[in-house]
Amino acid sequence: MADITSTSTGSGGMNIGKILLEGRAFFALVAIIIVFSILSPVYFSVGNFLIMSSHVAIFGLLAIGMLLVILNGGIDLSVGSTLGLSGVVAGALMQGVEIPAAGVILYPPVWAVVVLTLCLGAFVGAINGVLIAFFRVPAFVATLGMLYVARGVALLMTNGLTFNNLSGSEALGNTGFDWLGFNRIGGVPIGVIVLAVVAVVVGVTLARTAFGRWLYASGGNERAAELSGVPTKMVQISVYVLSGMCAAIAGLVLSSQLTSAGPTAGTTYELTAIAAVVIGGAALTGGRGTVRGTMLGAFVIGFLSDGLVIIGVSAYWQTVFTGAVIVLAVLLNSLQYGGKKR
Amino acid sequence: MTVQGSLQPAAGRIGDVVMSARDVAKHYGAVQALKGVNFDIHRGQVTTLFGENGAGKSTLMKILSGIVTPTHGEIILDGKPVVFANATDALAQGISIIHQELALAPNLNVRDNIFMGREIRTATGVNFAEESRITRELMAELEEDIDPLTPVEDLRLGQQQIVEIARALQANSRILIMDEPTSALSASEVEVLFKVIRDLTAKGVSIVYISHHLEEALTVTHHAVVLRDGMMTANAPRSEINLEWIVRNMVGENFDLGSPPESEMGAPALVIDDLCVPDRSGQGNAVDHLDLSVKAGEIVCIYGLMGAGRTELMECVAGRLKASSGAVRLMGADVSRLSIAQRIEAGLVLVPEDRQRDGLVQTMSVGQNLSLASIGAFTRGLFTSRGDEQTVIDTSIKEVTVKTDGGDAMIGSLSGGNQQKVVIGKMLATQPDVILLDEPSRGIDVGAKAEVFKLLARTAQERGLAVVYTTSEVGECLSVAHRIIVMRRGRISAEFDHTVSKEDIMAASGEAVHH
């Protein structure tokens with residue numbers, strides 16, 4: 001992670017408060033690794049870290065999209081459902097698209113499946129964004145509605161069943177879907193590499209582009225940003241589109257990892273993504289937060305829950321621990337931000 | 001806690017001092033809002049506080065009503081020193097305040113608003129019948145035909161004020177503080193209010209009244225107290241004073257806010273043509289068929305009372321509010337249909353009135369705030385250039401003389417005056433042709449005020465910038481402006497050059513001659 005974090009650092013505006021804030025998530029991660037390494041002999045190994053990281057990749061991708069939305073002062077509850085829908089659509093495309101008029105079944109190549117799925121994620125996000133920016137539906141409500149709609153559509157498409165055959169066939173020229181979930185480059189799972197690339201791209205976008213500055217400004221004070229010439233509506237729609245695309249990428253990686261696409265995949269993942277962003281020090285009121293923090297937040301959650309599995313703690317306790325960590329993180333955030341207020 | 005109790009003549013003679021402030025001072029950090037004020041409230045009489053914005057009127061009111069505790073000095077009630085823990089404590093001792101922004105719950109009905117937090121409880125809940133009966137009695141007392149079950153949001157503003165007064169009476173208040181009660185009322189509603197005030201005083205209730213409508217206030221008051229820069233400058237009974245006395249004491253000797261620069265006036269930079277902006281209710285016009293032309297290099301001041309339509313005019317010209325008719329032309333080109341961003345691009349910028357709400361992004365640093373409106377100027381291809389951004393920031397900091405080092409500090413760490421300079425610097429960094437400033441001196445101290453006006457004079461002179469600023473302080477009209485426009489009810493009621501007197505400006509605004 002070291003190289004990712006250093007490239008996605010915030011701009012020159014470093015101050016002690018920020019370092020402490022992000023340091024908290026970092027120290028928590030170190031503590032988790034130390035504790036579980038003592039409790040379990042298999043925890044501390046490169047192999048285990050990579051496996052855990054590929055689990056983190058799913059939440060991490062959702063969390064990056066969520067970070068953008070939260071920086072804007074919004075919330076996106078639909079990402080879990082969008083993830084599920086994306087997986088199902090990708091699965092359906094892999095099964096072939098029947099065109100009754102022409103009497104043929106089209107088998108799009110994997111790259112086309114990926115592009116179409118990303119477009120789907122962007123489309124779902126665009127609906128959210130337009131509802132929120134132009135029709136002034138509160139983000140919570142708009143994306144809550146989308147949570148249901150996207151999940152419902154996924155269930156309708158499959159009739160509640162799961163697509164199991166995603167590997168395609170040589171004869172149809174659509175093999176390679178499992179590459180995302182199974183292959184490794186230099187020993188690193190592709191999912192983790194995808195996460196790293198997305199994190200770096202978004203990190204640089206936030207720190208070094210006009211769009212990034214617009215996002216921080218409109219999240220910090222939308223009225224002031226608008227009067228300074230920031231296209232606040234465009235920014236608002238964009239973050240939901242990007243969040244939808246991140247969810248689509250996560251859906252592709254997850255269904256590839258599982259070699260199956262189920263309509264209920266990703267249920268409640270939106271909450272994990274929000275938790276990662278919050279643990280990473282972002283303010284739910286908008287305007288504060290970094291990709292680095294969010295990544296640390298995602299790893300804290302992932303390494304904690306996998307660690308609990310490894311040492312054999314029951315799944316019920318895992319839920320309790322995760323909840324406690326989230327509340328603790330928000331508690332520390334509000335202490336930190338509370339102290340900053342004049 | 002009954003109506004009868006509240007409206008019976010209070011003990012003691014009319015005119016006795018019932019409450020007074022002795023050497024009361026209040027500091028907010030380094031800012032001295034109030035610097036040792038003595039102030040008396042007389043039983044059954046109206047005492048009016050006069051003063052410009054920032055003179056300390058509101059702070060004094062908040063101290064008297066227990067909202068703010070003074071840094072120094074004491075409050076004496078019925079001859080004994082008292083310390084209010086909070087507003088509820090003051091209310092329990094008979095002191096009510098009616099704020100300019102009414103504190104009613106619009107979704108609740110009149111009865112529930114009057115008894116909010118003081119419900120008449122019984123073993124089985126609230127005695128609504130008794131509450132309704134008392135509300136009806138109060139309304140009869142105030143001669144206002146309002147049903148207790150009417151939702152407050154359905155009432156006119158004047159009626160809502162009556163509800164506030166009824167609430168104060170219900171709480172047995174003997175001292176009633178009214179902050180600008182007439183600013184949003186129609187002439188007939190003002191009449192009703194004044195009648196209510198006279199009835200109340202006849203019953204021994206003491207009133208503290210704040211208003212910018214000087215002549216109007218003179219018709220109802222018994223005592224006048226003038227505040228300026230946190231000090232009491234004058235104090236006299238009504239019989240000894242007149243309008244001229246108030247204005248003289250309010251404005252005082254001026255701090256030098258500069259004089260109009262000798263800039264070369266060019267072609268008209270901003271032309272406003274027959275502009276109409278609907279008001280918030282959508283029924284009337286906040287800006288009513290207004291025409292104005294400002295030349296390059298010229299500084300124009302727009303003076304007007306609250307509600308005169310200054311802010312609406314500024315926000316419409318900048319593109320935030322939609323005009324219902326008319327046109328805005330910038331350097332000859334029609335910009336009426338452009339967005340805010342496009343107008344900034346074209347060279348028309350606004351420094352908004354409320355710097356915290358509309359001007360600054362609190363989560364960002366000084367530098368990021370300064371460069372926010374000119375990100376395009378330091379974006380190279382896809383990415384922003386840190387070096388070029390720092391150049392923009394450094395230039396701005398130097399130009400508007402912000403006291404900060406390099407721009408990395410959080411914006412909240414600056415003083416009000418420096419924050420205002422950041423907002424102005426941010427807009428100047430876009431290299432505009434026309435800059436609009438809505439109340440640029442609001443909430444900043446006199447020294448910073450002078451610096452802001454000198455900055456405006458300099459940029460108008462050096463850059464040939466057309467500057468339009470609004471103010472509600474008459475002293476600021478006679479500073480750097482070449483021309484003074486007085487607005488009243490959405491229209492231009494007078495136009496003066498910079499040699500005009502303060503009294504003439506105030507008269508044209510409706511401040512001196514009202515109703």
Side-chain angles (χ1 to χ4, degrees), chain A residues 7 9-19 21 70-73 200-201 203-235 281-290 333 336-342, chain B residues 28-29 315 318-320 339-346 348-352 354-387 389-390 393 406-413 423 426-427 429-430 438:
Chain A
T7 26
T9 319
S11 63
M14 293 289 275
N15 61 46
I16 294 163
K18 256 186 190 165
I19 293 166
L21 191 66
I70 286 177
L71 278 178
N72 191 245
V200 169
V201 168
V204 170
T205 303
L206 286 181
R208 295 300 301 275
T209 66
F211 179 81
R213 196 62 68 81
W214 290 343
L215 177 51
Y216 278 111
S218 53
N221 185 345
E222 190 176 357
R223 296 172 64 101
E226 192 189 2
L227 277 179
S228 302
V230 173
T232 48
K233 294 224 182 298
M234 186 278 268
V235 171
L284 284 173
T285 45
R288 292 183 217 263
T290 58
N333 282 3
Q336 173 106 19
Y337 294 142
K340 268 187 188 171
K341 277 189 188 136
R342 296 184 307 145
Chain B
Y28 292 103
E315 295 201 337
R320 172 184 271 173
S339 69
I340 297 175
Q342 287 166 322
R343 289 183 204 211
I344 292 173
E345 186 80 12
L348 172 61
V349 299
L350 168 70
V351 174
D354 189 332
R355 139 175 102 241
Q356 303 301 338
R357 199 184 57 172
D358 298 334
L360 298 169
V361 181
Q362 295 291 350
T363 51
M364 292 169 69
S365 68
V366 172
Q368 288 173 325
N369 268 290
L370 271 171
S371 66
L372 181 59
S374 40
I375 295 174
F378 56 86
T379 301
R380 304 280 169 264
L382 213 50
F383 299 107
T384 54
S385 154
R386 278 185 203 177
E389 177 174 12
Q390 198 56 47
I393 294 171
D408 282 347
M410 288 310 283
I411 190 73
S413 66
V423 183
K426 170 178 75 175
M427 294 334 292
T430 65
D438 198 2

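Only this structure's heavy atoms are used, side chains among them; waters, hydrogens and symmetry mates stay out. In the text below, chain A, chain B and the rest are named by the order of the sequence lines, each starting its count at 1. The model shown is predicted, which means the values in this text are computed figures rather than measured ones.
Of all the listed residues (Gln390(B), Glu389(B), Gln342(B), Met427(B)), the one sharing the greatest number of non-hydrogen pairs under 4.5 Å with chain A is Glu389(B). In terms of heavy-atom pairs under 4.5 angstrom with chain B, the leader among Gly287(A), Ser228(A), Pro231(A) is Ser228(A). Of the residues considered (Leu382(B), Leu350(B), Asp358(B), Val351(B)), Asp358(B) shows the highest number of contacts with chain A, using heavy-atom pairs under 4.5 Å.
Looking at every heavy atom in both residues, Glu226(A) comes nearest to Ile340(B) through O-CG2, 3.3 Å. Taking each heavy atom of Leu372(B) and Ala225(A) in turn, the nearest pair found is CD2-CA, 4.4 Å. Taking each heavy atom of Gly220(A) and Thr363(B) in turn, the nearest pair found is CA-OG1, 3.4 Å. Taking each heavy atom of Val361(B) and Tyr216(A) in turn, the nearest pair found is CG1-O, 4.3 Å. Summarising the geometry of Gly229(A) relative to Ala341(B), their closest heavy-atom pair is O-CB, 3.3 Å, with the distance given to 0.1 Å. Shortest non-hydrogen contact noted between Arg213(A) and Ser371(B) is NH1-OG, 3.5 Å.
Without hydrogens or angle criteria, Asn221(A) side chain to Leu360(B) main chain gives a donor-acceptor distance under 3.5 Å. Judged by distance alone, with hydrogens and angles left aside, the side-chain atoms of Arg208(A) form a donor-acceptor pair with the main-chain N or O of Thr384(B) at under 3.5 Å.
Residues Trp214(A) and Ile375(B) have side chains in contact (heavy-atom distance under 4.5 Å, counting atoms from C-beta outward).
Residues satisfying the side-chain hydrogen bond (donor to acceptor under 3.5 Å, both in side chains) test with Arg357(B), not counting sequence neighbours, are none.
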